[in-house]
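We number each residue from 1, following the sequence as shown.
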Amino acid sequence: MSTRILIPVDGSAHALRAVEHALQLARLDPALELHLLNVQIPVESGHVRLFVGHEQLEDYYREEGLAALQAAAAVLQQAGQAFQQHIAVGHIADTIARYAQEMAFSQIIIGSHGRGGLGQLLLGSVARDVVNQSPVPVTVIK
């Protein structure tokens, strides 16, 4: 059975560092499967749903997700690395942890904003929440 790595990305520089780390691992072990995941925050306002249909909302999630995945996908494509990309909708940390478990990933590699101290305490951290919630091993790249 191959090792499957999930790399949550949001289009940021810290997410790209996680992609670069996973790419280095894949160069050492060509059997690794790399999967990019972007999680879109759901539009939960009842007012929006009165004016926007389900299909339009799904199109919006898909377009925003593909835009967020674009830079990470480009890094892997340029390196000639095979990968798959996925888009999910939900609370970000919960969705990453649940997706990793449900899809039987071996590991999550996630970038950290690198905030520390009071900033992290006040702002929270998706990476920290994924570490706390995931039954799958998590590597945080700073």
**OP:** Measure the spacing between CG of L6 and CD1 of I96 and express it to the nearest 0.5 Å.
**Re:** 7.5 Å
**OP:** State, yes or no, whether a side-chain contact exists between V9 and L69 at a heavy-atom distance under 4.5 Å.
**Re:** yes
Subject >> pair P8-V39: side-chain heavy atoms closer than 4.5 Å >> reply: no
**OP:** Mind checking the CD-CD spacing from Q85 to Q70? Nearest 0.5 Å is all I need.
**Re:** 10.0 Å
Original post:
To the nearest 0.5 Å, how far apart are CD1 in I92 and CD in Q40?
Top reply: 8.5 Å
Original post:
Using 30° and 60° as the class limits, which term best fits the ring planes of Y99 and H86: parallel, tilted or perpendicular?
Top reply: tilted
Original post:
Under the side chain to side chain contact (heavy atoms under 4.5 Å, CB included) test, which residues partner V131, sequence neighbours left out?
Top reply: V138, V140
Original post:
Got a second to check how far R17's CZ is from E20's CD, nearest 0.5 Å?
Top reply: 10.5 Å
**OP:** State plainly whether one hydrophobic cluster holds both I109 and L23, where clusters connect Ile, Leu, Val, Met, Phe, Trp and Tyr through side-chain heavy atoms under 4.5 angstrom apart.
**Re:** yes
Subject >> Atom pair CD (E64) and CG (L66), whose distance is rounded to the nearest 0.5 Å >> reply: 10.0 Å
**OP:** Specify the closest pair of heavy atoms between G111 and A18, including all atoms of both residues, with the distance to one decimal.
**Re:** N-CB, 3.5 Å
Subject >> E58, CD: over 12 other non-hydrogen atoms inside 6.0 angstrom >> reply: yes
Subject >> Side-chain (N38) to main-chain (I87) donor-acceptor, under 3.5 angstrom >> reply: no
**OP:** Ignoring hydrogens and angles, state whether a donor on the side chain of T139 or Q107 is under 3.5 Å from an acceptor on the partner side chain.
**Re:** yes
Original post:
Is there a side-chain contact between Q77 and F83, using heavy atoms and a 4.5 Å cut-off?
Top reply: yes
Original post:
Does T3 use its side chain to pair, donor to acceptor, with the backbone of L32 at less than 3.5 Å?
Top reply: no
Original post:
Please walk me through it: do D10 and V126 pass side chain to side chain contact (heavy atoms under 4.5 Å, CB included)?
Top reply: CA-CA 11 Å; D10 60 3; V126 170; over 6 Å; no
Original post:
So do L36 and L76 actually touch side chain to side chain, heavy atoms under 4.5 Å?
Top reply: yes
Original post:
Within a reach of under 6.0 Å around CD1 of I41, are more than 12 heavy atoms found that belong to other residues, nucleotides or ligands?
Top reply: no
Original post:
Side-chain heavy atoms under 4.5 angstrom apart, residues restricted to Ile, Leu, Val, Met, Phe, Trp, Tyr: same cluster for I141 and V19?
Top reply: yes
Original post:
Do M103 and I108 belong together in a cluster built from hydrophobic side chains that touch within less than 4.5 Å?
Top reply: yes
